[in-house]
Structures are given as C-alpha cells and as structure tokens.
Amino acid sequence: MLRKNKAALLAMLLVIPMLFSGCMPSLQPENQAYALSMSIDRTDEGLIGVGLLFSSNNAGGGSGSSGGDSGGGSEQKKSNPRYYAYATTFFEALDVLKSSTPRTLNMSQLQSVIFSQRIASEPAFKELIEDLILSNHLYGSANILVCMGSAKELLDADKPQVGNRLAEELSITLDHYATTGYSPSSKLASLYYMMNSIYGDPVAILAAIDNPKNPTQAATPGILGDGLPGSMLQKTIAQNEFRGSALIKGDRMVGVLDGDQTRWLQILTGGLRQFPYICQGQPMMMYVKSASKARVNLDQNPIVIDISMALSPAPQRRMPDKYVLEEQIRAELTDLISHCQSLGVDPFNYAEIAATRFLTIQDFVDYNWRARFQQATINLHIDLPGEYS
C-alpha cells in the first residue's frame, strides 16, 4: 500500500510541473511566424503562386521562395520577410510554405488576401475562397483584394507609410478609403457568403501598383474618384493604390467599378452617410439625408425598379446650380446601374427585395433574376433641398 502511495505521489510530482510549464515550445508566441498578408497568383505555366508577408518581429528574418522563384537579392533588406511557393493547388503551395518557414506558420492575424485579376477571373476563384475558409485558424475578417496585375508585386510593394508600422498600415489605409467611399468593405467571410447567395453579388477591393507612365485607364483631371487604381494623376511615396471595386458574379470576377462608381454603390446599399463631391468645379461635402430605398415592380415587363434618395450638400458660400447638381448625380447613378446591368451583376441586392414576392426559394431561382435585372427599367428619384441653407 505504501509503495502504491509513493508511486501515485511520484506521478503527481511529474505532472504538476507540466501543468505550470505553459505551452509547448512550438506554440509559444515568439516561436510563431505571424502572416500579415497573402498573395495568390496564376503563373504562365498554370501553377498557383502563394506569397506570405510576415511580421518583422518573429518570422525568422530574410525572405525566400520555393518552387522555382528566385528569392533574396534586394528583398533581403526589407524589414518584413516575404516567402513564396508555387504548386498545382493552393493547399500544396501552402504546405511548401509551412515547411520552408523557419517557425510555425500562424495565419490567425492575416489582414488581407490579394488575388491577381488573372486568377480572380477564373472559375478557380470561388474554389480558392472556399480553400481559404477551410484553412486552419484563418482570420475570417481578412480583407479581400483583387490586384490589376501581379498580386506578388503588390505584396512586394507593401511598406509602412506616414510613420505607421506595417502591421497596422493596410487596415488604416483601407479604413481611410472606405470613409471617402472610393473603396468598398470586403471581408473573407461575407464575400464567401455572398458568392453562395441568390440574393445579390459581392464586390472585392480593387488595387494596383501606381504606374503613372503606363496607366490602366486615363483619369479625368479634377474628378476625385474617376479612374482606376494605378492610373491616378498623382505623385506620392505610396506605391500601392486601393480604389474601386472588383465585380464578382457566380464563381469569378467579371468587371470593375472606379472610385466614383464604388462610392455611389455604397450610397445605394446604405454603406455611406457622407462623402466629398465636386460639381461645376466646386468641392463640397454631401450628406445622405434619407437612405436609398428601392421598390421592385415585377408585374410589368420589363420589370421596374424605383430608387429614391435624399441628399443635401453642406452650406457654403458658392453653391452649384441645383438643376446641374441633380442631373450630374442622376447621370452618374445611371452610368453605374447600367454598367452592372450590362454585366448581369446585382451588387445592390435588389434580388433580396424581389425574392419577397415568391413563395419558395425554388420559385425565385426559376424566375431567373439576373436576366430580368439586365432588362429592368430604372427610375431614379433624387431629392435635393429647395434651398441651400
């Protein structure tokens, strides 16, 4: 009996230190490689390229590549390590990164996932979004971006600006663009949900590397949000630009919206309450007095969508002509909706309003909303105050 008690006591003495020893060494925070951003590309050889940008504090230093890309060189001087891998599938490339990263890969702090426009325009885009959702410990609120060009190059150009740490730089930048309305909010979990929904279509944040010598689209001087990222007539220390939206239909990207169109999209969907605006050369702050409301009349052929909203410019010494202001707003809204109709995408979620007229989900699916929306008549009712005071 005494012998048994001694054995039990010895076992307790061995277990107790383990209970107070904390995590296993590989799970200690200082032994984790925290990824901040991910890039996903399609190579000319058909491979999927995955890149990770790490926190500078605990990624092991340096940068490298696997699967045939040359690492090192000037990248070695960057404070935030970047690793790249290439394989036939996303998970294979991710496994290569896990094995080549000098510490335990941790994606719980991932802030952004950058897709190249090339791979976002393929049917594989939806499969990649599903793969990301299934990835262990992946942060569901990671921002989803589509780069007009190479996602790897955008990741390479990511660097802190205006005194911020890189760990917080992207979230601060995207929050800034969201407040002006030129960039949408696009999170991994919500985008995945909308890609599988029949009640509307999602958008992703559009990005590009600033290249004024070879613009992707000529910007109009004097217009705040006109033009696409990478084409703005500006000179800043920031190489990456986030402006506009990638339109997604079904399993892939089908088109883009510029900054102005993205801003009106957010106003129509209730995501923006105030925004800067220019009319007749006069800058002003515009306020949404009454959120946009839509009524869908399915009894007519083609169907009719009535959209109403109330806007009010902030009082100032010089005000644009009311008729000119209203017609400019009407023209910009018409341009946005017509563009989406031509692509058969409904980022406004008018399908959700139309679906209330059907008894079952299958009845609504059989109705073929996309085709009906493309032919719909749009009536805009814009309410501006009688006097600017």
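Quick caveat, the model's predicted, so the values are computed rather than measured.
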Note, Ile40 side chain near Ile48 side chain (heavy atom, < 4.5 Å): yes

Trace of the side-chain contact (heavy atoms from CB on, under 4.5 Å) decision for Thr360 with Phe358: CA-CA 6 Å; Thr360 67; Phe358 295 84; over 6 Å; no

Any donor-acceptor N/O pair, Glu327 side chain to Val324 backbone, under 3.5 Å: no

Nearest non-hydrogen partners of Ala294 and Tyr350, listed with the distance: CB-CE2, 3.5 Å

Note: Asp260-Arg243 ion pair, threshold 4.0 Å (strictly below): no

Taking every non-hydrogen atom, the tightest pair across Met38 and Leu94: CE-CD1, 4.4 Å

Main-chain N/O of Val256 paired with His339 side-chain donor or acceptor, under 3.5 Å: yes

Cluster link Phe373 to Ile198, ILVMFWY, side chain under 4.5 Å: yes

Stepwise side-chain contact (heavy atoms from CB on, under 4.5 Å) check, Tyr193 with Leu188: CA-CA 9 Å; Tyr193 169 79; Leu188 173 60; over 6 Å; no

Sub-6.0 Å ring centroid separation between Phe275 and Trp264: yes

Short side-chain donor-acceptor distance under 3.5 Å, Glu92 and Thr88: yes

Any donor-acceptor N/O pair, Thr262 side chain to Ser245 backbone, under 3.5 Å: yes

Beyond-backbone contact of Tyr83 with Phe54, side-chain heavy atoms, under 4.5 angstrom: yes

Within 45° cone and under 6.0 Å: Arg372 NZ/CZ vs Tyr367 ring: yes

N/O donor-acceptor pair under 3.5 Å between Asp201 side chain and Asp346 backbone: yes

Arg295 atom CZ: more than 12 heavy-atom contacts under 6.0 Å: no

Nearest-0.5 Å distance, CD1 of residue Ile209 to CD of residue Glu153: 5.0 Å

Verify same cluster id: Val304, Leu268 (apolar side-chain graph, 4.5 Å): no

Residues, nucleotides or ligands: over 12 heavy atoms within 6.0 Å of Glu352 CD: no

Close side-chain approach of Ser116 and Met148, heavy atoms under 4.5 Å: no

Under 3.5 Å donor-acceptor, Thr101 side chain and Lys98 backbone: no

Atom of Met319, atom of Pro313 and distance for their closest heavy-atom approach: CE-CG, 3.7 Å

Atom CZ of Phe91 with >12 non-hydrogen neighbours under 6.0 angstrom: yes

Heavy-atom pair with the smallest gap, counting every atom of Leu325 and Met286: CD1-CE, 4.0 Å

Between Asp156 and Tyr84: side-chain donor-acceptor atoms closer than 3.5 Å: yes

Asp306 and Lys293 ion-paired at < 4.0 Å: no

Derivation and outcome, side-chain contact (heavy atoms from CB on, under 4.5 Å), residues Val254 and Ile248: CA-CA 6 Å; Val254 296; Ile248 299 168; over 6 Å; no

Six-ring centre of Phe125, Arg252 cation under 6.0 angstrom, axis tolerance 45°: no

Donor-acceptor under 3.5 Å (Arg263 side chain, Pro276 main chain): yes

Same apolar cluster: Met194 and Leu206, side chain cutoff 4.5 Å: no

Close side-chain approach of Leu298 and Trp369, heavy atoms under 4.5 Å: yes

Rounded distance (nearest 0.5 Å) linking atom SG of Cys340 with atom CG of Asp335: 9.5 Å

Member of Ser186, Ser37, Ser39 meeting the side chain to side chain donor-acceptor pair (under 3.5 Å) criterion with Ser112: Ser37

Inter-residue atom distance Ser292.OG - Leu272.CG, 0.5 Å rounding: 12.0 Å

Any donor-acceptor N/O pair, Asp41 side chain to Lys152 backbone, under 3.5 Å: yes

Co-membership, hydrophobic cluster, residues Leu110 and Ile133, 4.5 Å side-chain: yes

Exercise: do Tyr277 and Gln282 side chains pair donor with acceptor under 3.5 Å: no

Note, Phe115 side chain near Leu154 side chain (heavy atom, < 4.5 Å): no

Value rounded to 0.5 Å, distance of NZ in Lys126 from CG in Leu191: 11.0 Å

Side-chain heavy-atom pair Leu257, Leu265 within 4.5 angstrom cut-off: yes

Within one Ile-Leu-Val-Met-Phe-Trp-Tyr cluster: Tyr287 and Tyr182, side-chain cutoff 4.5 Å: no

Asn143 versus Gln111, side-chain donor and acceptor atoms under 3.5 Å: no

Rounded distance [0.5 Å steps], SG in Cys279 versus CG in Asp321: 8.0 Å

Ile361 CD1: over 12 foreign heavy atoms closer than 6.0 Å: no

Met195 versus Pro202, closest heavy-atom pair with distance: CG-CG, 3.7 Å

Side-chain touch Ile205/Val146, heavy atoms, less than 4.5 angstrom: no

Contact check, side chains of Leu380 and Met309, non-hydrogen atoms, under 4.5 Å: no

Atom of Ala351, atom of Gly200 and distance for their closest heavy-atom approach: CB-N, 4.2 Å

Met253 backbone acceptor or donor facing Glu122 side chain under 3.5 Å: no

Mutual orientation of the aromatic rings belonging to Tyr199 and Phe364 [parallel < 30°, tilted 30-60°, perpendicular > 60°]: parallel

Charged N-O contact under 4.0 Å between Arg330 and Glu326: yes

Audit row: Ile305, Asn297, side-chain contact (heavy atoms from CB on, under 4.5 Å) steps and yes/no: CA-CA 6 Å; Ile305 302 176; Asn297 187 344; over 6 Å; no

Ile119 CD1 to Cys147 SG distance, which is reported to the nearest 0.5 Å: 12.5 Å

Short side-chain to backbone donor-acceptor contact, Arg370 and Gly344, under 3.5 Å: yes

Basic-acidic side-chain contact under 4.0 Å: Asp44, Arg118: yes

Backbone of Val288 reached by a side-chain donor or acceptor of Arg273 within 3.5 Å: yes

